[in-house]
Amino acid sequence: MVDEPKSAGTSSEEDQIALRLTKVAALRELQIEPWGNGFSVTHCCAEVNLAHDGDDAEKLTAAAKSYTVAGRIVALRSMGKLAFIGVRGATRPRDPALTPTGRRATDLQLMLRKDASVGWDLIKYLDLGDQIVATGRAIRTRTGELSLETTEIKLAAKALRPLPEKWHGLSEMETRYRRRYVDLIANPEVRDTFVARAKLVSTLRRFLDERGFLEVETPTLHTAEQAGGAAARPFNTHHNTLDLDLKMRIATELHLKRLVVGGLERVYEVGRIWRNEGIDRSHNPEFTSVEFYWAHATWLDLIALTEELLAALARAVRGSEKIIYQGQDIDLTPPYDKVSMIEYVAAALAPDLRGVSAQLDALSNLLPSAWANFERFASRYGWTGDVREAEKKLAHAATLGDRIAWAFGTFCEPALPKDRPVFVVDFPLETSPLSRKRDSEPRLVDRFELFVAGMEVANAFSELNDPRDQEARFRAQVDARARGDQEAMPFDADFIRALEHGMPPTAGEGLGIDRLAMLLTDSASIRDVILFPLLRPEAK
RNA sequence: GAGCCGCUAGCUCAACUGGUAGAGCAAUGGCCUUUUAAGCCAUUGGCUGGGGGUUCGAGUCCCCCGCGGCUCACCA
């Protein structure tokens, strides 16, 4: 039995690639290299758009300036002796996404006449997706669109695969994440998100540089002993030559504080962190943090600095301190409210007492059963969660601090105000193994977390610099690990040795760059601000 | 990890209680000197995510598996 000859199809992706390859061969017959180089490009599409956005036809004629631009064909309308080619050029970080008249700055239309364009015959070999180089003058078409009256067109790089549909683009999130290169072509607003993210990071660096902070880079490969600085499970890896098991860092904290000991007293690192945890809308296994350490400052200085920083980032990225996130107006204008963990929890369980010390006394005297007073929390904070789940978590809370953190996280956190950032303060000692004890109440630490839109975006505290106290805290972490807490920190003996040389009193803070980027680009998922988020491999 | 939803042509989506898998865009062949999601005529393109089952007959119903999205949980 002989195979039926395949029907001479022309529409499957395979067929389209085959067809484009025949064009490649035909072009080479014509001595045209489909993937040539060395083209002289004098301008970007965006430059033409921004230079002439509001110019009328007379002004354009008077200008009579020749441009040679490059870009990708995203529309192709040919009508015999006249053709219009839609070109999407490069996105440049300093250009606005839209021109003053509201057109996308990267997109420029070419107009070609059969009798006035060198390369007209090339059109029949061109496809949507091809990279081209075009020369011409800016004009207004009869319908008034700014266009390049093209005198010469060249193929710069042939595309073998078809682009997604021009109107709806590429919409399936899975494909957009897996083939970000196509997403960036088909959905140009994705480019805007990553331009905004880059602006956020550069503004952050400038902010810290201007205040005398030194940017450094510390190891991302940690020994088991070094892999602390946060409550998280690390990724494991291995160095072959040293035959050494290593872990990817879960924080930059401990190395940066070693540098403060060494005299780099204002120091920061923007860097990749890996945490071997679940994935959801606000967690990716690898993400970017900035941590900065500021000798002779306290957590209260960090509150002021954080307010200033957030407002500056919002102005730089969004042009305003008032932003909208997922439909919610959020005002980032300082100052921000402070909410006490202790007071919030005590308000439900020990409502008559004033002052955190008295409230702590009362909370520490509560019977275990008294903590499970879900009705009190529900009536005060509108909690509607799963009682059995909450009880399960409470059962794991070994210390008073753990119970306070449980109650706050479970009941109070969802009730925090949503229209402005909030500093959560008065953290219990047990949940803060690297923070300095509060002088006036040693059951608490000098620490805050900043919440915006229900997300933790910053964690900061006055650093613990008493080496013997740090040693005891590490030991408590080792004990917790022995009890089954897989996120407890290891005992980092070298870090203790560093503290024994004397670290000046220091305040330190960590910010989640990805979450800030979500906020300032109005992105619902962390995957939308990470170019290549981690996904399971595609099925074969 | 649990629940819900999704996976159909290169892309975006249809296909009622099971009855011959369809449209638009893209592609291919034509016509066209001002288009704007260009238009008109014609033509292709499918293992309906994978596997099993029920049935005369499965995109549709049942079971298993894969990948993704959302919600919850875990996790800070």
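So you know, we letter chains A, B, ... as the sequences are listed, proteins then strands, and number each from 1. All values below were derived from every heavy atom in this structure, side-chain atoms included, with hydrogens, water molecules and symmetry-related copies excluded. None of these values were measured; they are calculated from a predicted model.
- A donor and an acceptor atom never sit less than 3.5 Å apart when one is taken from the side chain of A:E145 and the other from the base of B:U34.
- Following rounding to the nearest Å, A:L170 (CG) and B:C7 (P) show an atom-to-atom distance of 16 Å.
- The pair A:K338-A:D426 does not meet the salt-bridge criterion, since no charged nitrogen lies less than 4.0 angstrom from a carboxylate oxygen.
- A:D280 comes within contact range of at least one nucleobase, with a heavy-atom separation under 4.0 Å.
- Phosphate proximity of B:U71 to A:R281: present, with a side-chain N or O under 4.0 Å from OP1 or OP2.
- Atom name P, nucleotides B:A26 and B:G39: the rounded distance is 7 Å, in whole Å.
- On a pure distance criterion of 3.5 Å, no polar donor-acceptor pair joins the side chain of A:S171 and the base of B:U12.
- Across the C1' atoms, B:C47 and B:G24 are found 24 Å apart, a figure rounded to whole Å.
- Residue A:K166 has no polar side-chain atom (N or O) positioned under 4.0 Å from OP1 or OP2 of B:C11.
- Between A:F292 and A:Y268, the gap from one ring centroid to the other reaches at least 6.0 Å.
- Taking the six-membered ring for Trp and thresholds of 30 and 60 degrees, A:W406 and A:F377 have ring planes more than 60 degrees apart, a perpendicular arrangement.
- Contacts of A:K114 with the nucleic acid, taken as non-hydrogen atoms under 4.0 Å apart, are absent.
- Between A:H168 and A:A75, the residue anchored closer to the 5' end of RNA chain B is A:H168, taking for each the nucleotide with the nearest heavy atom.
- Contact of A:S11 with B:U44 (side chain to base): a donor-acceptor pair of N or O atoms is detected under 3.5 Å.
- Base contact: A:R77 has a heavy atom under 4.0 Å from a base atom.
- Across all strands shown, B:U48 forms no Watson-Crick or G-U wobble pair with both key distances under 3.5 Å.
- Classified by interplanar angle (parallel below 30°, tilted 30° to 60°, perpendicular above 60°), the ring pair A:Y381/A:Y344 is parallel.
- Along RNA chain B, the nucleotide nearest A:E149 and the nucleotide nearest A:T175 are compared for position; the residue whose nucleotide lies closer to the 5' end is A:T175.
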